[in-house]
Number of protein chains: 2
Amino acid sequence: MASSIHDLARHLNISIGTVSRALNGRADVNANTRQRVLDAAAKLNYSPNQSGRSLRRGATHSIAFMLQPHPGDQQYGEPFFIPFLTGLQAKLAESGLDLIVVMGAPGDYQQERLRRVVETRRADAVVLAYTRREDERIDYLTRVGFPFATLGRSRSGGNSYPSLDLDFEKAGADAVDRLVARGHRRIAAIRPSLNLNFGYLFLAGYRKALRRHGIEVDPGLIAKGFINEAGGDAVTPQVMRSKDPPTAIIFNNDAMALGGCKALAEMGIKPGHDIAVIVIVDSPLCRYFSPALTGFRPRLEPMGRRLAEMLLASIPAFAGTERARIIREVWPLELIARDSD
Amino acid sequence: MASSIHDLARHLNISIGTVSRALNGRADVNANTRQRVLDAAAKLNYSPNQSGRSLRRGATHSIAFMLQPHPGDQQYGEPFFIPFLTGLQAKLAESGLDLIVVMGAPGDYQQERLRRVVETRRADAVVLAYTRREDERIDYLTRVGFPFATLGRSRSGGNSYPSLDLDFEKAGADAVDRLVARGHRRIAAIRPSLNLNFGYLFLAGYRKALRRHGIEVDPGLIAKGFINEAGGDAVTPQVMRSKDPPTAIIFNNDAMALGGCKALAEMGIKPGHDIAVIVIVDSPLCRYFSPALTGFRPRLEPMGRRLAEMLLASIPAFAGTERARIIREVWPLELIARDSD
DNA sequence: TGTGTTCTCGTAAACGTTTACGGAAAAACG
DNA sequence: CGTTTTTCCGTAAACGTTTACGAGAACACA
């Protein structure tokens, strides 16, 4: 059905080598024949077969993003990545690269799926998200020398890959500062596993800011739960039942915050009225919740574009330059003040 | 880096043909040598190069989903498709197929991107969403004979492809029934362009139900807006300012509903108190909004799984059977009663 | 006219698979 | 023991590209 380079050659009565050179803009082909080839290609609706091209060139011209749905999000999905992917795709397309999104099952950590992508050479590079503090995926990719970039930092892999992260440490500190300025001294933190690096960073910022204000860090005010609604629901009552309960809570995640607020409501405590609430990573859910939750908003679409640039710059074959540049960036989170604090 | 079938053959001192046959489970290879090949493959960490395999087999073993972000969703994305894709991927993986998600830019209709996927043979079949009443993508795919399935129905393409849709017509009617049962006679409908087939179906159900109840359809109570928050915001005041304003509004979409409720609030009208509100396609936003919006919930993950089955059954190369079966299904939407009506 | 240079193109190999074909060896059968 | 069948494997072609190499033609220059 699809016309091949042989069809073009036969149609024009020239060799396939010349056709290929003409299409790829090489110098050693007569301007006249090149035009004839281009015209014929347009007329016969030719476009190169990717498999053939990949096989010969040893490159697929596509980048894989490993998308991992949140556990417990059976009903609806994570809106977080869509604008990020939009930006990523837009920038990659400018270099003629395709973005392929590899879906994981909720819960699994994609080590297996990642291996498959790498070993079957489905993509020339991959992009990871939800980086862990020690991340076996990163260890694996550096070990086999496969190009990649990460949304989020990790201690794994040294400085061998580009990464773009949000400044969760500063956001954690900013949240504390804001609450202290409003007279709070008992500030709780609800966080996910410290394996997730953004959880670790958030808590570090939270702790540092408390100390800066001369407030002792009370382990009873720090609770760890699953990074979903059920997690916030289950864990929030714990900190509320401490002997000296908090007057403010910082949640590390929108889903945890919503679950936590539900638990608070069941205890007869009204967020924004009886207790202050701040969420580190904002979402539309925070905006429409009642009371609207104060939070920190990431700029997802530009982050996608930027990470694409950074990834491309790190691969000699894609960067114009010979020397690859590893870029790491940390972007600020912007506070969106609403009604919950 | 990755070992090829030649490495295996050299290592075992047999020909590549035998290695390939052993790996592919063909009958004409000695059980003993097969085991040796399998062991060596595991030891050398062999996995077949996709480009080579695709080129020879003429199939990519991957299915493309054309994901189209909503216009105006710059800040956050559409959570709708994530669980759908999770189900789709899970089922495809069972047949050894990869899912690749092709991102579009917000707003563009992906005709160009679709052509590229088809013409460069990136995938063996594609899955479309947001079907339009007359859909040029469907026309194109049927014209060139490329296998596909759709999430949503269309008038285009006849009966040549599998489709899975939600029963928007029944949901529209159910919403009217429910409101009439509660005493409402002036019921407005806020809908997107009728090009979007679910908008058309919804309105048909709405009209039919009104007539069944002996209520005249008032064009002044039907308004069309962009399928996002701004659309609902802009259009809702129109119907409220009609000479005989509605006592209830049905929104075709969560984003439109949220925008509409914002507009209502600015007019001093409280949803759930001064006016009844129902949303056709529910989302977490509806749940957390205040008041929580009554809506109809789709079962997205099972829909993904089902559409994968239907797609596979329609392609002789994938279905076990010789005759391909085109299946079309319409799934019910389940009402989730909350506080807004 | 002879020599060297530049343009332009065809030839053929290569990328990693799969598979049709044929042939040698082994087994079955008379 | 001869013939037929079966089992197993190697050979080579093919999928659609890209590209190194070389060769013929045209041109420049002395």
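Chain letters run A, B, ... following the sequence lines, proteins first and then strands; every chain starts at 1.
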Practice problem: Report the distance from atom CG of B/D28 to atom P of C/dA26, rounded to the nearest whole Å. | Solution: 18 Å
Self-check item: B/D135 vs B/N197 side-chain heavy atoms within contact, under 4.5 Å
Solution: no
Self-check item: Outermost DNA chain D nucleotides near chain A [under 4.0 Å, heavy atoms]
Solution: D/dG16 to D/dA20
Quiz prompt | Shortest non-hydrogen contact from B/S154 toward B/R132 | solution = OG-O, 2.9 Å
Quiz item: Would you say the side chains of A/S51 and A/S54 form a donor-acceptor pair under 3.5 Å?
Solution: no
Practice problem: Compare all side-chain heavy atoms of B/V102 with those of B/F65 and state whether any distance is below 4.5 angstrom. | Solution: no
Quiz item: Are a donor atom and an acceptor atom from the side chains of B/Q50 and A/R121 found within less than 3.5 Å of each other?
Solution: no
Exercise. Just call it for B/G17: base, sugar-phosphate, or nothing, with non-hydrogen atoms closer than 4.0 Å on any strand.
Key: base
Quiz prompt | Separation between CZ of B/R299 and CZ of B/R306, rounded to the nearest 0.5 Å | solution = 12.0 Å
Quiz item: With no hydrogens and no angle check, is any side-chain donor or acceptor of A/S156 less than 3.5 Å from a backbone partner on A/D139?
Solution: no
Self-check item: Below 4.0 Å: OP1/OP2 of C/dT11 and any side-chain N or O of A/S15
Solution: no
Practice problem: Could you say whether B/R21 or B/Y46 is positioned toward the 5' end of DNA chain C, judged by the nucleotide with the nearest heavy atom to each? | Solution: B/Y46
Quiz item: Can you check whether A/H6's main-chain N or O pairs, donor with acceptor, with A/S4's side chain at less than 3.5 Å?
Solution: yes
Quiz item: Of B/V19 and B/G52, whose closest DNA chain D nucleotide lies nearer the 5' terminus?
Solution: B/V19
Practice problem: Return yes if a side-chain donor-acceptor contact under 3.5 Å exists between A/R153 and A/S163, otherwise no. | Solution: no
Quiz item: When all nucleic acid strands are considered with a 4.0 Å heavy-atom cut-off, which category describes B/N30: base, sugar-phosphate, or nothing?
Solution: sugar-phosphate
Quiz item: Checking all strands, does A/S4 fall into the base, sugar-phosphate, or nothing category for heavy-atom contacts under 4.0 angstrom?
Solution: sugar-phosphate
Quiz item: Please give, in whole Å, the distance from C/dC9 C1' to A/N13 CG?
Solution: 13 Å
Quiz item: What are the residues of residues 32-42 of chain B, sorted by number, that bring a heavy atom to within less than 4.0 Å of DNA chain C?
Solution: none
